[in-house]
Each structure stands twice: as structure tokens, then as C-alpha cells.
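Only this structure's heavy atoms are used, side chains among them; waters, hydrogens and symmetry mates stay out. Just so you know, these numbers come straight off a predicted model, no measurement behind them.
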Amino acid sequence: MEASTASTFSPMRQIQHWIGGASSGGTSSRGGAVYNPATGRQTGEVAFATSADVDAAVEAAKSAFESWRHSALTQRQNVMFSFREMVSARRRELAETLTAEHGKTIDDALGEVQRGLEVIEFACNIAHLLKGDYSEQVSTGVDTYTIRQPLGVVAGITPFNFPTMVPMWMYPIAIACGNTFVLKPSEKDPSTSQLVAEMLAESGLPEGVFNVVHGDKEAVDALITHPDVAAVSFVGSTPIARYIYETGTQHGKRVQALGGAKNHMIVLPDADIELAADAAVSAGYGSAGERCMAISAVVAVGDAGDRLIEGVQARIEKLEVGPGDRPGVEMGPLVTSDHLERVRGYVDSGEKQGALLVADGRDLVVEGHEDGYFLGPTLFDNVITDMSIYTDEIFGPVLSTVRMDHYEEAIRLINENPYGNGTAVFTNDGGAARKFQNEIQVGMVGINVPIPVPLSFYSFGGWKDSIFGSHAIYGPEGVHFYTRQKVVISRWADPLHRGVDLGFPTHG
Ligand code: NAD
């Protein structure tokens, strides 16, 4: 995390907090530099919140909760509907803003906005999922029913790789359920959060219902230990997810913390190899591999390996790498220079540890963008499972191929991996596919689909070290996470006055 004092960067564009319906510079002199990864140049400076700034945001959210929780369900849905229209109309502006700080291509950024928009659309119809159950006459003159109620102030802490979509996995549902929200986005690409805060205000959301605090560990720690924060949604790397879960729950909060990944794609000998090669390249190098659902290990079974490597190699030779806002570019830069160095380090170590480097992206130079954080698509073959390119989440355009003789071994390999976010099998054999969906220890499974991200009316979540907490994110599980169930047992006009009875109540 690159931090400095605000004075170092002026007169840079200042990216501020959003507290109680207005921009706020906060109380800190600390800030972080924001770069355009395609040029390597600093474009802005983001304020880092102190615990006093976090207190102010939580206080604004707490006081807004008092009326927001009593607002009509139709009012909350109407705000979401207006917001949906605004995000849809201004999707290009959001996409360009996020490309300028993240680096991904504009098309990819538009796809990100679209997937976030779908969660907003889901929230437009939240009433359907807030309905309770009703049982009449559970006992004589007694009815039982359930109500789902909001929790209060909810915090969201989000990663750099989907700066628009991942927050949208959280706040539309939390807010539509009647909660108020404090978002702490990634400090690497914070600007779309500011845009979204303004759009929510223009959509009629009352002040204080949605707040943004920028920053680093100081802001995060203040949020996850704050006595007035009822719940925390986190998405990011596994060590931080574990820390957020442990600290948040120790402070009495409901926590869902989604972590990192190492996603495998098995290719069986009977698979359509052309389809599998297209899928491996799309899922391995899309967004420069900076997706939690990116494929990073291809497991080639039997004689699928040679044909697959040939297909992948032919495709990556044609990939256009460059600045994300240039038409025709298919893969942009990595997010920061530190991250570029880290990913290059993995390529160096894979080579030293004896993997076969089939395509080496380290020498790529993008003309006119020599200071950008570019790494070309990189492909390894004959990767062994104790190499760091296999064991670690690289989060870059580096695809490893592991060769296996048997399908059973490939399944075991995935099941023994500590992560369990996404996985895929490529085969034309229905029985093999069914075995995979039945036996694989991973939360999201693709059958001839490399990136199995569910639409907004399902929920998203991995298994094992890819999630901490019992709720997946968005969709029906999101509604359950952001609400508490209350059960009511009522008796009206019961003609039978039975008098005092100290026995345990039974029906009848
Ligand atoms: P990260 O864990 O470094 O940061 C995530 C958030 O935590 C940021 O807001 C950051 O400011 C904050 N943070 C960082 N260090 C902290 C610390 N020591 N204490 C408290 N807060 C801290 O993740 P990232 O690099 O921004 O994002 C990439 C990671 O996110 C990858 O591991 C990727 O797999 C994961 N991810 C997972 C999913 C999923 O759905 N499972 C989705 C997207 C990204």
C-alpha cells in the first residue's frame, strides 16, 4: 500500500470521502497516490480516513437508519429503480473512470458495470424476498408469522479488481433491505465510488444512507471494530478475509468475508480442444488475470495436453496488449508497479524451479507506454504442484499447465487445494461432467464454462479458504445476510381464558 502525505501530491486531483450526503476531505494528512496503470503516471490522490472520519460516517449512517428502516418498501425500490436507470445511462463514464485507474479494457469495464447493474435490478424487486411466512391457527386462536428486518449500519470493504461491481454486490441489496451503508473501497482505484455516491444522491437516496470512506488498514480496523457497525461484507485476498472475519466476529458483528482463489480447469481427452483453448485463454488472460474467477491452472488429462498447449500458444500470440482505452486492445496492464514486480517474480521463480516456459510475457514493450505496468501473456507447461507458480494466487496473466494421467488424480488435486472459489471441466462425456459436479470441493462449478459466475438471482461464493462466514454474497443469500428474521406468535380474541399455566407451551 503506497501512502504519503497529502502535500506531496498537490495540486493532484483529490478523491474525497462521501459522508452524510456530501464530499468530505476528512481529518487526516495521510493520502494514497492513484495511478493510471497504462502510463505509470499519478493521476490523483485519495484521502485516507482516520478513525474520527470513520466515526463520522458511521454516525451519519446510524442517524439515517432511524428513518430509512421505516421508509416504505416501494420507496426503497423506487430509489433503486432510478439508480438503475442512471447507472445504465452513465455506464460508459463509469467504465472509462475505472479503466483509467484499474487498467482493464473498456469492454471489460463495461461488462463489469453490467454485472453490477444486474444486482441493482435484483434489488429493484427486493420486496419479493422480504416476504415472510404465515401459519394460521397453529394453536387455538394462535397464528405464527415471520418478518425480515434490517440489521442497521453495514460496512463493505472491497478489492481493487472490480472497483464498481464488487461494491454493487453489497450496497444495493443492503440498502433495499432497509440498512444504511459505509463503503471502504480499494485505495488503488477509488474514483467510481465517488461517482456512484453522487448517482445515489441524485436518485433520491436520503443523506447518510450511503457513505464512502477511503483509506487503508486504519479505516478498515475502525470499521470492523466499531460498536455501531452491525455487519461487515468483505471481498479481497484470503489473509485479509480471515483477519476481517476473526476481528469482526470477535467484535460481535455478522461477517461474510470472501477471499482469494486458485481456479483449476480440467481438460479431458474427449473435450472439444478448440473450445477448451478459447476458454483457457479468455479465462486466464482476461483482465490480465486479475479476476478472482480467473483460471490460473489448466489440468490436462492424458493426451489432451499437447493439443491444448498448441491451441493456447497459437491464440496468445495474437492477443493485443496495450492501454485499456485503445480500441482493439484485448488485455491491459497490471494495476500497480508493485504488483507487476510481484507477478514478474513468480515468472522468474517458475522458470528457476524447472517449469517449461512456453510463452514469456516479461519482455513485452508497449510502444508509447513504456512506463505502463504491462506484462504479456505467459504460459507454463509441466508445472509441478510444489512450485510457487502453482501454490500461490499470482493474480496476473500467467497460466500454468499441470499434466495428469487420470481424471481421478485431477479431481483429487483440486479437492486438496486450500482454495475453492471456481473451477471448470471441459468434456463431452455427461457421466464425467456429472462426477465432477458431484465430487468437486469448490463453490462455483463450470461444465464447458470457464468462469462460472452466477447471475444476480443466485448467490456468489466459494468454499474453503475462498470464503469465511456462512453466507454467500448477493442474490437470496445477500438478502438473508442483510436481514434478521423475527418470528411472531399472536393470539387475538381467544375465547378460552385458561388462567395461569407454568407448563411449557404446547399446541392444542
Ligand atoms: P486485498 O485483500 O489486498 O484488499 C482488499 C481490501 O482490504 C482493500 O479495501 C484494502 O484496502 C483492504 N486491506 C488491505 N490490506 C489490509 C490490512 N492489512 N488490514 C485491513 N484491510 C486491508 O485485495 P486486493 O489486492 O485489493 O484484491 C485482490 C484479491 O481479492 C485477490 O486475492 C482476489 O482473489 C480477491 N477477490 C476475491 C473475490 C471473491 O469473490 N472471492 C472477488 C474479487 C477479488
Side-chain angles (χ1 to χ4, degrees), residues 58 61-80 119 122-156 169-182 206 208-209 226-233 245 248-257 456-459 461 467-508:
V58 173
K62 188 182 171 192
S63 101
F65 179 65
E66 290 313 310
S67 51
W68 186 245
R69 73 180 290 257
H70 295 298
S71 60
L73 197 41
T74 46
Q75 182 197 346
R76 287 184 248 145
Q77 293 191 148
N78 280 341
V79 170
M80 279 302 140
V119 181
F122 177 85
C124 290
N125 192 23
I126 205 88
H128 183 65
L129 285 166
L130 290 175
K131 288 189 290 196
D133 297 317
Y134 199 108
S135 298
E136 191 183 45
Q137 198 72 356
V138 293
S139 183
T140 309
V142 176
D143 300 337
T144 298
Y145 49 96
T146 58
I147 305 170
R148 297 211 75 90
Q149 295 192 325
L151 306 176
V153 179
V154 174
W169 286 357
M170 303 172 180
Y171 64 79
I173 296 181
I175 288 173
C177 287
N179 300 282
T180 55
F181 204 88
V182 180
V209 176
H226 200 292
D228 291 328
V229 170
V232 177
S233 296
Y245 183 76
T249 51
Q250 272 164 20
H251 285 79
K253 292 163 204 340
R254 186 180 284 199
V255 181
Q256 56 178 181
S456 60
F457 39 92
Y458 285 83
S459 299
I467 198 165
F468 301 89
S470 52
H471 289 89
I473 207 160
Y474 68 75
E477 293 225 7
V479 176
H480 276 223
F481 182 75
Y482 293 125
T483 54
R484 281 188 289 200
Q485 178 182 285
K486 189 179 272 178
V487 62
V488 181
I489 305 189
S490 78
R491 171 158 44 203
W492 289 100
D494 180 357
L496 302 170
H497 289 252
R498 296 189 181 87
V500 173
D501 178 359
L502 298 194
F504 195 66
T506 54
H507 57 81

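With rounding to the nearest 0.5 angstrom, the CD1 atom of Ile467 is 7.5 Å from the CD1 atom of Ile473. Expressed to the nearest 0.5 Å, how far NZ of Lys131 lies from CD1 of Ile147 amounts to 15.5 Å. From Lys486, atom NZ reaches atom CZ of Arg148 across 12.5 Å, with rounding to the nearest 0.5 Å. Note that OH of Tyr482 and CG of Asn179 are 8.0 Å apart. Values are rounded to the nearest 0.5 Å.
Side-chain atoms of Phe122 and Pro476, non-hydrogen and from C-beta on, do get closer than 4.5 Å to each other. With contacts defined as side-chain heavy-atom distances shorter than 4.5 Å, the pair Val209/Arg76 does not qualify. In this structure, Asn125 and Phe457 have side chains that are not in contact, with every pair of non-hydrogen atoms separated by 4.5 Å or more. Side-chain atoms of Gln256 and Glu477, non-hydrogen and from C-beta on, never get closer than 4.5 Å to each other.
Listed here is the closest heavy atom pair of Leu130 and Cys177: CD2-SG, 4.0 Å. Between Phe481 and Arg254, the closest heavy-atom pair is O-NH1, 2.8 Å. The two residues Val255 and Thr249 have their closest heavy-atom pair at CG2-N, 3.8 Å. Residues Phe65 and Gly178 share a closest heavy-atom pair of CE1-O, 3.2 Å. Closest approach of Ala176 and Leu73 over heavy atoms only: O-CD1, 4.4 Å. Closest of all the heavy-atom pairs between Ala61 and Val182 is CB-CG2, 4.0 Å.
A donor-acceptor contact shorter than 3.5 Å links the side chain of Thr146 to the backbone of Asp133. Judged by distance alone, with hydrogens and angles left aside, the side-chain atoms of Ser459 form a donor-acceptor pair with the main-chain N or O of Tyr474 at under 3.5 Å. A distance-only check finds no donor-acceptor pair linking the side chain of Asp228 to the backbone of Lys62 [under 3.5 Å]. A donor-acceptor contact shorter than 3.5 Å is absent between the side chain of Lys253 and the backbone of Val154. Of the possible polar contacts, one joining the Trp68 side chain to the Ile175 backbone as a donor-acceptor pair under 3.5 Å is found. With hydrogens and angles ignored, the 3.5 Å screen pairs no side-chain donor or acceptor of Arg69 with any backbone N or O of Thr180.
Every residue was checked against the ring-ring contact (aromatic ring centres under 6.0 Å, His included) condition with His480, not counting sequence neighbours, and none meets it.
Dense packing is recorded around CD of Gln137, with more than 12 heavy atoms of other residues, nucleotides or ligands lying under 6.0 Å away.
Ring planes of Tyr145 and Tyr134: parallel class, angle under 30° (limits at 30 and 60°).
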